[in-house]
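Everything below concerns the one structure shown next.
Within every chain, numbering begins at 1; the chains are lettered A, B, ... in the order of the sequence lines, protein sequences first and strands thereafter. These numbers were taken from a predicted model, which means no experiment stands behind them.
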Amino acid sequence: MKQKKSDDFYEKVYEVVAEIPFGRVTTYGAIARFLGIGGSARMVGYALNKTLRTDGPDLPCHRVVNRLGELSGKAHFGHGVMESLLQQENITFVDENTIDLEKHFWDPSIELR
DNA sequence: CAAGTGACTAGTG
DNA sequence: CCACTAGCCACTT
């Protein structure tokens, strides 16, 4: 059965996010660029949100943050959950809502290749 | 079907 | 990094 282009895109997002190593993080934009849709970083977060709402392929979505390292998606995990998960991975926080992106950044276009 | 919304980002100042 | 603009596009109303 034929899939829409957007569904194909969601699958790719799942694959990339599933490959993010323990103790590392990446950004919506980095994933978007790796998948060749640079301008549509919004869709990456949207895809992850959809998996949490209904489908749930055990993705470490807590390892995906915005370009400043802020936990823009923490509200969708439940309050405090995303922070705890990251702290369990020895992620360094520079602020209550921000991790040290420079120190833990994982770029799929370089590392996954 | 038009308008609003959102886990975003890059450019300009 | 802040404020604002524009581009992005699936989904909801």
Heavy-atom closest pair, residues A:T26 and A:W106: OG1-O, 2.7 Å
Under-4.0 Å side-chain N/O to phosphate OP1/OP2 contact, A:Y10 with C:dC11: yes
For atom CE of A:M43 and atom C1' of C:dC11, their distance in whole Å: 8 Å
Rounded distance (Å) that lies between atom P of C:dA10 and atom CD1 of A:I37: 9 Å
Touch class at under 4.0 angstrom, heavy-atom based, for A:L52 against every strand present: base
Expected output: side-chain A:S109 to main-chain A:F34 donor-acceptor under 3.5 Å: no
Closest-nucleotide 5' rank along DNA chain C - winner of A:T98 and A:Y46: A:T98
Separation of atom CG in A:D95 from atom C1' in C:dC1, rounded to whole Å: 12 Å
First of A:L48 and A:R33 reached from the 5' end of DNA chain B, by closest nucleotide: A:L48
Interface limits on DNA chain B, where chain A has a heavy atom under 4.0 Å of a nucleotide atom: B:dG6 to B:dA10
A:L52-A:Y14 co-clustered via ILVMFWY side chain contacts under 4.5 Å: no
Separation between the C1' atoms of C:dC8 and B:dT5, rounded to whole Å: 13 Å
Strand contacts (DNA chain B) in residues 71-89 of chain A, 4.0 angstrom heavy-atom criterion: A:S72, A:G73, A:H76, A:F77
Rounded C1' spacing from C:dG7 to B:dG6 in Å: 14 Å
Touch class at under 4.0 angstrom, heavy-atom based, for A:G29 against every strand present: sugar-phosphate
A:L59 and A:V64, any side-chain heavy atoms less than 4.5 Å apart: no
Nearest-angstrom distance, C1' atom, C:dT13 to B:dC1: 11 Å
Side chains of A:H62 and A:E89, donor plus acceptor under 3.5 Å: yes
Main-chain N/O of A:V94 paired with A:T98 side-chain donor or acceptor, under 3.5 Å: no
Exercise: identify the closest heavy-atom pair between A:Y10 and A:M43: CE2-O, 4.4 Å
Sugar-phosphate only, base, or nothing, as touched by A:N49 at under 4.0 Å among non-hydrogen atoms: base
Rounded distance in Å - CG (A:L68) to C1' (C:dA3): 14 Å
A:E70 or A:R53, whichever maps to the more 5' nucleotide of DNA chain C: A:E70
Smallest separation among heavy atoms of A:Y28 and A:A41, with atom names: CB-O, 3.9 Å
hydrophobic_cluster_shared for A:I20 and A:F105, side chain cutoff 4.5 Å: no
